[in-house]
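Proteins get letters first, then strands, A, B, ... in listed order; numbering begins at 1 in each. In this text the structure is predicted, and so the values were computed from the model without any measurement.
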Amino acid sequence: ARYREQLDNIGFSFDWSREVRTSDPAYYKWTQWIFLQLFDSWYDHAAQKSRPINELIERFEKQGWSSNDDCAITGNEELDPLTAFNQDEWKAFSEKQQQQILLRFRLAYLSEAWVNWCPALGTVLANDEVKDGVSERGGHPVERKRMPQWSMRITAFAQRLLDGLDQLDWSESIKEAQRNWIGRSEGAIIRFALTPNPSPQERDLRLGYLTADPSIASELMPHANNMRKNPTEAEDKLWQLIRGDETGGRIRRQHIIDRFIVDFVSLPKRLVIEVDGDIHDLQKEEDAARTERLNELGFEVIRFSNDEVLKNGLEVRRQIIAALSKREEFVASDEAHSPLSFGEGPGVRAHSGGEVIEVFTTRPDTIFGVSFVTLAPEHELIQKITPPERMEEVMAYVTQAKNRSERERMTEVKRVSGVFTGAYVKHPFTHIDVPVWVGDYVLGGYGTGAVMAVPAGDQRDWNFATHFNIPFVPVTENWDISKGADESKEATLANSAFLNGMKVADAIPRAIDELEAKCVGERRINFRLRDAAFGRQRYWGEPIPIYYKDDVPYALPESALPLVLPEVDKFQPTETGEPPLARATKWRWDAADQQLTGSAIGHPIETTTMPGWAGSSWYFLRYMDPQNEGRFASPEAINYWQQVDLYVGGSEHATGHLLYFRFWTKFLKDRGWIDFDEPAKKLVNQGMIQGVGRFAYELLIGIQSDGRDGSPPVLALEWIPYVLISRELHLSLKDGSTDPKHLEELQYTLDQIGDLIRDAHPGHQGRITYRKASLERRVDVSIVDGRGVLDLAKYAEARNQEKKTLQNGAFAPGVVDYFCHPEVEKMSKSKLNVVNPDDIIEKYGADTLRLYEMFLGPIEQSKPWDTNGIEGTSRFLKKFWNLFHTESRNQESGISGSFIVSEEAPSKAELKVLHSTLKKVQEDIEKLSFNTSVSQFMIACNALQELWSNAPSQSGSGARGKRQVLEPLTIALAPFAPHIAEELWSLLHPDTGKEFHSVTTAQWPKWEAQFLVEDSFSYPISFNGKTRMQLEFPIGLSKEEVEAQVLANPEVQQRLEGKPPKKVIVVPERIVNIVV
RNA sequence: GCCCGGGUGGUGGAAUGGUAGACACGAGGGACUUAAAAUCCCUUGGCCCGUAAGGGCUGUGCGGGUUCAAGUCCCGCCCCGGGCACCA
């Protein structure tokens, strides 16, 4: 009520008959109704439209469902993916099964979602309410938990919400914030099939790149690449002979094994082929050691000389094929090499090889650089793929990582943590085994919760690989992978088979084509946007109109709306951790009678409530028709009002309210209740008027006496609050620095206190020692003056009320006033920095306040409230008022005596002032540039005052102003200063006994170009762009004439010193520039 | 780190590529007044020359560029505000 009064005082013209309250059942009936429509809808991706759920049921009856259908599921994935069914299977499902399936398509749906659950508080907490794994309030432990949650399938609208932004006249920053929030990224899904686990001993050797000794791999890698690029003649010849699959050994060249780079190797057959140049003794020894080590690792080594290769390459090739054919295929499933058996347990399914890890990537071109795959700690496959011997370690990590809130995971970005699962997946192209890790740098809620890690192409993967010593290869040309990842989009690919030599932009589509051809992946657009959690474990909120039958949610009928909040004994959660509404034991639904039973019998009703944004997502529609009882708003009203023309709101709603608001509007449009799909055409973020917080610093001192001279040994150990010190001293006490200037202040303060103590305890002679600390205290701005000086008496009074001992303040020498430290911040009660408009209105009036707020600067700008300039607008209003009154003034107020205006026709000059003002003001209002319109009014007022004070008495009546000028100005001023304009209007149109005409109903004055026409223009004449003089020429003079006249001017000639100008530019009615 | 805004006198802020600093505050000077308040007038980016009238140089975060002409457009930096963030 107080708030309303203030709004009225300031003169806002709200239509209070249209006031709505989202908490009023008459209003939230329709919020619940919209919820039911969302519950009753699914999203047809082919048509990009929400449609009634009945149409989906019909479709299921006709054709069943498969995952490629257009009614794709978006948003929170259930633990078990929905399996395809045909029309007969659909019909055979029980009702419960059918309902559960439908729930996966409904736009308002119940699903298992991750939440921050606090068992002690029995409630779900928002991310910012959790700090360090405990609740911010109370410090109770919080865990991440999957719980059934109502959600809104906003993700189905992601693309439309993104595209719609282009049409909107909203600030770029808001649009950009929404684009980021929606976070569209194009890329691919890639499937990695799980492989049976090799034994740990063989792992290194079995895995392509992983045959290298990890400690040295990254050093060797560039060499290997270099050697591959610059082969010797013999190497190159042999490579041409044995590359490809024909040899049966799938031979690689310049491969790293352990600490060596071998010339050629067949990994499946474990055969190393070396091509040697001239062999020295020293070299022989090294080669022997190398061969020994390779044999140890299970490789056979055969050698050829350069000569052999160059002279008889085909024979060499034949020998290699022979050697390969003698060797057994080395595979992990071979029991002889893989003694490890898993037995029963979670690892079994992985062993059977049936699982697939799906990853999302925006860089499918880097597929050949994959050196491991990382799963989010929340990933469901972790349990299934981890072999038993690693289970304990992996689960310990998962539990620890999962319970860190997302906020925490974000704040500790730099910390790398993870664990190897022990499982491997097959690379889709090379078929090399790739290890699977768990790492908390992968988020469960984004993409598939799994990434293919390419350390050479992604810095996070690089950090992870480097931290855990996982070897990797570069995938771009000329890149030193020891320094970091190459994330450049301009790079050229290398080491990447069919992608070699391609630019990133070309390689991406090519890679996807290959993936699709091999059926191991496909193009995918992914959105960052997540479905919005809709349920709240709180009492105050709109009840969700849902009841449960057989644990399946069903809609309440429209007749049951509004479903009002039941009465409960307490607003807290129940002892068993259920929401407060669960306390309403007699709140049940009778499905047969279609009504609340009012007893404990019947179907349970949903106990969570709607979030704050539910009601605010559609209120603009209710304004159109606030009293309608039969519909949220009548079609006629909606048709009349349409979209919001101008929405003024804070930018803090950029990704919350302003997105949901658009989402609901699109939904209502889809289902045909409204015919526009964006709620607000234009949106302006008004800046906030900020507060200036004020701070004082108190010294806290403990005093002790040494008990000399017969005083009691401890005279006093008392804390004296309210000893004010400077901010500088406070800061230096805090960080322990010893600036002599501050020490001086401190000493002085201490001396003062000593005196106080002695005064309080006469006769005491002992030495006094102190213990020092200081404290920052927020001061209510109402007891601080404009300059920041604290009102000490009031401060003492306020501190007294806190029932603390009070002593006088002590200041440094020479200081009389205590200046409070200012800090610009949001205005809020808790910050004690709220400036009440009442005081300003009291002193200057509401119009001055309004004008001043507008005059402060552009509407979008935030700035601290500062009354320094308010005199200016106040003076303007007085001057404006005076134009309507006689010269004789009231001595007290400075306001003129009696109202009088002249009926004389205005002069040309007066009309010009009037019409240029009308023009500017009209243009500025359209641009919402209120500060410049106010300034234009000031200009007009000053100009008129000037014109009229030179001709003091129009027609001898004592009038200064002319009606024909002042009346239009009054109308134009009315939106800015309604009170004074109305008052002047009533003076201009005295009550003639008929009905009262308000200025607000007066015809808006139009500016006319004819009054703005000038006869001449004063050209600035510039030389080389620097203005030097002014020359006046009549309007309409041609360019050539102006140029001729300018050049004829003696002063110009003087400046030219007789030389002809290089060039003369004449812009009519703007400028003349002479280039010398 | 990425994405949006910004950076102009002592202050809030004006300037469709065309006279930078409108308008207002503050400050200084003056008028009226016994005095104060109120009101009115003058000056007010910086530096320099001139007794003066007047004139010159310089100036929109920094460095380049385009142009007859740049606060405004382009390139590269710096700083401030806001949004997003291990988003694959």
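Rounded to an integer number of Å, the gap from Lys175(A) NZ to G83(B) C1' is 16 Å. Look at OH on Tyr852(A): it is 10 Å from C1' on U11(B), rounded to the nearest Å. As a whole-Å value, the separation of Ile1065(A) CD1 from A70(B) P is 12 Å. One interatomic measurement links the two molecules: CD1 of Ile1071(A) to C1' of U67(B), which rounds to 13 Å at whole-angstrom precision. A straight line from CD of Glu378(A) to C1' of C87(B) spans 14 Å, rounded to a whole angstrom. In this structure, Glu487(A) places its CD atom 13 Å from C1' of C87(B), rounding to the nearest Å. The distance from atom CG of Asp458(A) to atom C1' of A85(B) is 14 Å, rounded to the nearest whole Å. In this entry the distance linking CG of Asp866(A) with C1' of C25(B) reads 9 Å, nearest Å.
Residues satisfying the side-chain hydrogen bond (donor to acceptor under 3.5 Å, both in side chains) criterion with Gln178(A), sequence neighbours excluded, are Arg662(A). Looking at residues two or more places apart in sequence or on another chain, you find a side-chain hydrogen bond (donor to acceptor under 3.5 Å, both in side chains) between Gln459(A) and Asn463(A). Applying the side chain to side chain contact (heavy atoms under 4.5 Å, CB included) rule to Val520(A) yields the partners Pro428(A), Leu515(A), Lys518(A); only residues at least two apart in sequence or on another chain are considered.
Lys927(A) comes within 4.0 angstrom of no nucleic acid atom, judged by non-hydrogen atoms across all strands. Within the 4.0 angstrom heavy-atom criterion, only backbone atoms of the sugar-phosphate kind lie near Val1075(A); the bases stay farther away. Across all strands, Lys863(A) comes closer than 4.0 Å only to sugar-phosphate atoms, never to a base (heavy-atom distances). Within 4.0 Å (heavy atoms only), Ala654(A) reaches no atom of the nucleic acid at all. Across all strands, Gln1030(A) comes closer than 4.0 Å to base atoms (heavy-atom distances).
If you check C73(B) for Watson-Crick or wobble pairing at under 3.5 angstrom, you find it paired to G65(B). Within the shown strands, nothing qualifies as a pairing partner of A88(B) under the Watson-Crick or G-U definition with both distances less than 3.5 Å. Pair assignment for C2(B) gives G83(B), based on Watson-Crick or G-U wobble hydrogen-bonding distances that are each under 3.5 Å. The partner of A14(B) cannot be assigned: no Watson-Crick or G-U wobble pair with both contacts below 3.5 Å exists in any strand. The partner of U39(B) is A31(B), judged by Watson-Crick or G-U wobble contacts that both fall below 3.5 Å.
In this structure, the separation between CG on Asp365(A) and CG on Leu499(A) is 7.0 Å, given to the nearest 0.5 Å.
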Table please: side-chain donor-acceptor pairs of residues 1060-1068 of chain A below 3.5 Å, with sequence neighbours left out.
none

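Among the nucleotides C3(B), C87(B), A24(B), the one closest to any side-chain atom of Phe855(A) is A24(B). The nucleotide whose nearest atom lies closest to any side-chain atom of Gln945(A) is, among G13(B), A85(B), C40(B), C40(B).
One N or O donor and one acceptor, one from the side chain of Asn1073(A) and one from the base of C68(B), sit under 3.5 Å apart.
Applying the salt bridge (charged side-chain N to carboxylate O under 4.0 Å, His left out) test to residues at least two apart or on different chains, the pairs with a partner in residues 914-943 of chain A are Lys919(A)-Glu923(A), Lys920(A)-Asp924(A), Asp924(A)-Lys927(A).
Taking 4.0 angstrom as the limit, Arg875(A) places none of its side-chain polar atoms (N or O) nearer than this to OP1 or OP2 of C40(B). The side chain of Lys1026(A) places an N or O atom within less than 4.0 Å of a non-bridging phosphate oxygen (OP1 or OP2) of U58(B). Contact check, Asn931(A) against C23(B): no side-chain N or O comes under 4.0 Å of OP1 or OP2. A sub-4.0 Å separation between OP1 or OP2 of C68(B) and a side-chain N or O of Lys1063(A) is present. Taking 4.0 angstrom as the limit, Arg460(A) places a side-chain polar atom (N or O) nearer than this to OP1 or OP2 of C87(B). The phosphate of G56(B) has OP1 or OP2 within less than 4.0 Å of a side-chain N or O from Arg1055(A). Applying the 4.0 Å criterion to OP1 and OP2 of G55(B), one finds that Arg1028(A) has every side-chain N and O outside that range. Close to C86(B), at under 4.0 Å from its OP1 or OP2, lies no side-chain N or O of Gln459(A).
A salt bridge links Lys912(A) to Glu1014(A): one of the charged nitrogens lies within less than 4.0 Å of a carboxylate oxygen.
Using a 90° window around 0 for the glycosidic torsion, G83(B) falls outside it and is classed as anti.
Taking a 4.0 Å limit (strictly below) on heavy-atom distances, residues 934-943 of chain A reaches RNA chain B at Ser935(A), Met938(A), Ile939(A), Asn942(A).
In this structure, Gly449(A) and Gly1025(A) both approach RNA chain B, and ranking their closest nucleotides by distance from the 5' end singles out Gly1025(A). Place Glu1051(A) and Glu871(A) on RNA chain B by their nearest nucleotides, and Glu871(A) ends up nearer the 5' end.
Here the two rings, on Phe464(A) and Phe372(A), have centers that are under 6.0 Å apart.
Minimum heavy-atom separation, Asp461(A) to Ala453(A): OD2-CA, 3.3 Å.
In summary, the side chains of Tyr844(A) and Thr867(A) do not present any donor paired with an acceptor at a separation below 3.5 Å, with no hydrogens or angles considered.
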